[in-house]
Amino acid sequence: MPSGTWMPARGLHFCVRRGAAAAGIRPAAVALAGWVALAATGPCAAEEPGNRLDLGMTPHETVMLALLALAVAFGMLTLVWLLRQQTRAEAENQALRTLLAEQSSEAERRAALLADDEQCVLIFSAGLMPEIFGRLPEAVGVPVDPRRFLAFETWLAPDMARRLDAAIGRLKDRAETFRMILTAPGGAPVEASGRAIGTHAVVRFSALGGLREELALLREDFEAADATIATFQSLCDGLDIAIWLRDRDGRLVWVNRAYASAVDAADAQDALRRQAELLGERDRSTIAASLAATGSVAERLSAVVDADRRNFAVVESAGPLGSAGAAIDVSETEAVRMELRQTVANHSETLDQLTTAIAKFDDKTHLVYHNAAFQKLFGLTNVYLDARPDQVSMMDHLRSRGVLPEDRPLRELKNEILAAYRATQPTETLWHLADGRTLRVFASPAPQGGATWIFEDLTEKLELESRLNVLVRLQGETLDYLNEAVSVFGPDGRLRLSNPSFAELWHLSDEFVQTKPHIKAIAKAVDVAILSPANGEPGIDWLGFVRAVTAFEEGERRNRNGEFQLSDGRIQSYGIVPLPNGQTMLTFTDITDARRAERMLRERNEALEMADRVKTDFVKHVNYELRSPLTNIIGFSALLRASETGPLNARQAEYLDYISTSTAALMTIVNDILDLASIDAGTMDLEFSEVEIRKVAEKAVEGIGDRLRENDLHVAIDVARAGKSFLADEHRIVQVLFNLLSNAANFAPSGSTIDLIAEQQGAELVFKVRDRGPGIAPGQIARIFDRFEADPVGGRHSGAGLGLSIVKSFVELHKGKVDVTSSRENGTTVICRFPAKSRSTLSDAAE
């Protein structure tokens with residue numbers, strides 16, 4: 001480095017140790033500030049070059065160096081100030097520690113003094129929890145725990161705890177001192193006193209002992225006795241009973257307001273000042289003598305109150321200080337008692353006139369009262385009832401006489417009776433006596449004991465109710481199941497009774513009918529109209545029904561009936577029947593079907609009559625028109641076979657046989673049709689005679705001989721059990737058997753035998769024709785007797801289907817009947833039953 005030059009350092013470092021002297025730091029700081037100021041001035045204005053200090057720094061660096069020097073100087077000053085403040089704070093803390101130790105020692109000494117005095121001190125500071133010092137002796141029974149001690153209601157009586165809390169509150173709010181005696185849980189007296197010390201409220205609890213304790217207990221007993229006396233006096237003043245106290249000399253020392261009012265005194269003090277007496281002198285002397293002898297007296301005496309002599313129940317008793325008495329006004333009670341006696345007597349006379357049996361029993365179940373009906377109901381004598389028997393023995397007496405019901409055990413009946421005395425509510429039951437009577441037994445327990453028993457004979461009532469209920473139920477069921485609409489209206493025009501048919505006829509709802517509407521309302525509610533008669537004759541409408549129901553003139557209340565037609569096409573028959581008590585019954589019967597049936601029957605009768613005429617005419621014409629040509633054909637066929645007409649070749653003879661067979665079949669059909677027509681027309685006449693059974697059977701077999709030979713069939717006739725003859729139309733019987741054999745020959749297998757059996761079965765003659773064919777289907781049996789019903793299945797020939805129909809008709813004309821049995825194994829059997837008695841058993845047509 002050249003001589004005469006100085007290079008400043010780029011950084012300055014200061015190290016100040018704790019405890020360095022402030023004088024050493026301050027000169028360094030001043031020197032540093034001088035150097036910085038010198039640098040800031042730049043080149044010196046001195047004239048001498050030798051005096052110029054050239055640091056080689058720019059103006060900007062000079063300013064920065066000056067600012068740094070100032071910052072370092074400020075930090076050094078601040079550090080010096082902080083060190084001085086720390087030293088001062090350490091000195092103050094040491095002084096405070098010393099003072100705190102002295103105060104703690106003082107507080108411990110004071111707390112020890114408080115604890116040694118067997119007392120408890122509470123200190124209340126503003127906004128802080130109370131502090132507790134010391135405690136009371138354990139014998140006092142006060143809680144040791146501070147929290148439980150502060151909860152005064154847990155160890156003091158409620159009213160005492162409330163008074164203590166209120167006193168402490170006044171002490172804290174208004175600095176009001178107090179002193180009171182408390183009773184600890186163990187019964188020991190505790191004195192609580194409070195006063196304000198500065199800003200604190202101090203409450204001191206100390207246990208009393210010796211004379212102070214005895215004095216506190218006496219004061220407490222005195223206050224309780226004084227409060228009790230005041231309470232009783234207040235109660236006595238509120239009673240409407242004259243009460244008084246006398247001293248040993250008999251002078252009045254206290255009376256209540258009722259006493260003062262009874263002796264016309266302004267108040268109790270006025271009565272005492274005047275020594276106003278309620279009772280007379282004689283009565284007082286009697287009471288005084290009784291008190292001297294027995295110490296108490298209870299008499300019924302009289303006195304004048306409000307210018308009216310009244311009766312009093314006087315009670316007076318002697319005591320240590322004198323005597324006390326009370327006079328209860330019983331005038332109204334006596335009046336009520338007399339009135340009650342008179343009322344009871346009147347009631348007894350009234351109850352004796354009743355038919356309901358009444359008896360009263362006391363709490364021992366002894367009879368104390370009964371009316372005449374009770375004696376009559378059970379048949380008891382006056383001697384027995386005057387002995388006042390108890391109810392249990394009375395039940396035994398009645399059971400021995402056979403009066404009480406025997407369907408229940410006597411023990412159960414006695415328990416039921418005794419339970420009625422213990423019940424709190426009236427009880428009711430039914431007794432069914434042995435003689436058939438039914439009693440309603442009502443027991444009402446009395447508050448003072450005993451019970452009143454009421455025995456009501458329901459025998460006649462139940463019988464009448466039963467009859468009435470049966471009658472009402474019968475009438476109701478009858479009306480409900482009638483197709484005829486019935487309604488009954490009262491004298492006010494409102495519906496009283498109706499059946500479902502009435503509501504259904506007029507389309508009325510059940511809810512509407514249950515409201516018992518007026519007939520005018522019904523007239524407005526119906527939705528079908530009554531049409532006027534088509535012939536212009538006067539009819540009826542709802543206005544007519546309204547007049548009939550609401551009219552009360554004798555001339556208008558009469559039975560009426562007729563018919564009308566509704567707008568829906570129905571025809572109704574109505575009836576108006578006046579009933580007693582101004583009631584009216586309306587009946588409506590639907591005769592629509594009857595009128596339609598009547599019209600149909602008339603039309604059908606006319607048609608039948610016309611058909612009968614046509615049928616008769618048809619039978620007459622066909623009888624001639626068919627029979628005559630067939631007879632001619634049959635006759636000419638017979639002439640052609642005769643030898644006089646010349647020989648016939650084989651083909652002609654064959655054709656002639658066909659003609660004879662066809663004409664015979666046609667003649668049979670014509671005869672059957674004519675017979676059926678005659679039967680339907682009622683013109684068929686039977687010619688009855690004694691018919692030989694074997695003869696008609698052989699004729700019928702002979703009639704089908706050609707068919708039997710053609711099909712190699714045989715007929716077995718069995719009439720051995722039928723007798724010789726019976727009463728019938730021989731020709732028709734032969735026709736019946738012929739048709740049955742023809743039908744059997746049509747279905748019987750070739751080479752088989754047809755059975756013709758006749759036998760007597762009771763009062764009937766039975767013909768049976770049985771083949772051995774394939775039988776009849778079960779569904780066809782019911783139709784084989786229908787006309788023109790032919791079943792060719794299994795048969796050789798299909799006829800017109802009239803044979804069996806003719807059989808059924810002829811058998812029924814003989815008052816008989818036809819049955820059919822059929823199976824595939826046994827063939828078909830047709831059974832005809834004819835009556836085998838006299839002519840009187842036959843039909844009218846047969847006769």
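In terms of heavy-atom proximity, Ala420 sits nearest to Ala443 at CB-CB, 3.8 Å.
At a threshold of 4.5 Å between non-hydrogen side-chain atoms, the residues Asp457 and Thr355 do not count as touching. Within the 4.5 Å cutoff, side-chain heavy atoms of Arg570 are placed close to those of Leu505. Considering only heavy atoms from C-beta on, Leu508 comes within 4.5 Å of Val526 through its side chain. Here the side chains of Leu430 and Val441 are not in contact, with every heavy-atom distance at 4.5 Å or above. Counting heavy atoms from C-beta on, the side chains of Arg596 and Arg599 come closer than 4.5 Å. Contact annotation: the side chain of Val486 never approaches that of Ser498 to less than 4.5 Å [non-hydrogen atoms, C-beta and beyond].
Screening Val513, Ile522, Leu566, Asp527 for a side-chain contact (heavy atoms from CB on, under 4.5 Å) involving Trp506 leaves a single residue, Leu566.
Between the side chains of Ser573 and Thr589, no donor-acceptor pair of N or O atoms lies under 3.5 Å.
Rounded to the nearest 0.5 angstrom, Thr424 OG1 and Arg422 CZ are separated by 12.0 Å.
Judged by distance alone, with hydrogens and angles left aside, the side-chain atoms of His518 form a donor-acceptor pair with the main-chain N or O of Lys520 at under 3.5 Å. A distance-only check finds no donor-acceptor pair linking the side chain of Asp771 to the backbone of Gly827 [under 3.5 Å]. Side chain of Arg437 to main chain of Leu377: a donor-acceptor pair is present (N/O by atom type, distance under 3.5 Å, no hydrogens or angles). Without hydrogens or angle criteria, Asn581 side chain to Gln583 main chain gives no donor-acceptor distance under 3.5 Å. Side chain of Gln375 to backbone of Leu380: a donor-acceptor contact under 3.5 angstrom is found.
Taking the six-membered ring for Trp and the full ring otherwise, Phe545 and Phe588 have centroids separated by under 6.0 Å. For an aromatic pair to be called close, the ring centres must be under 6.0 Å apart, and Trp453 with Phe374 fails this.
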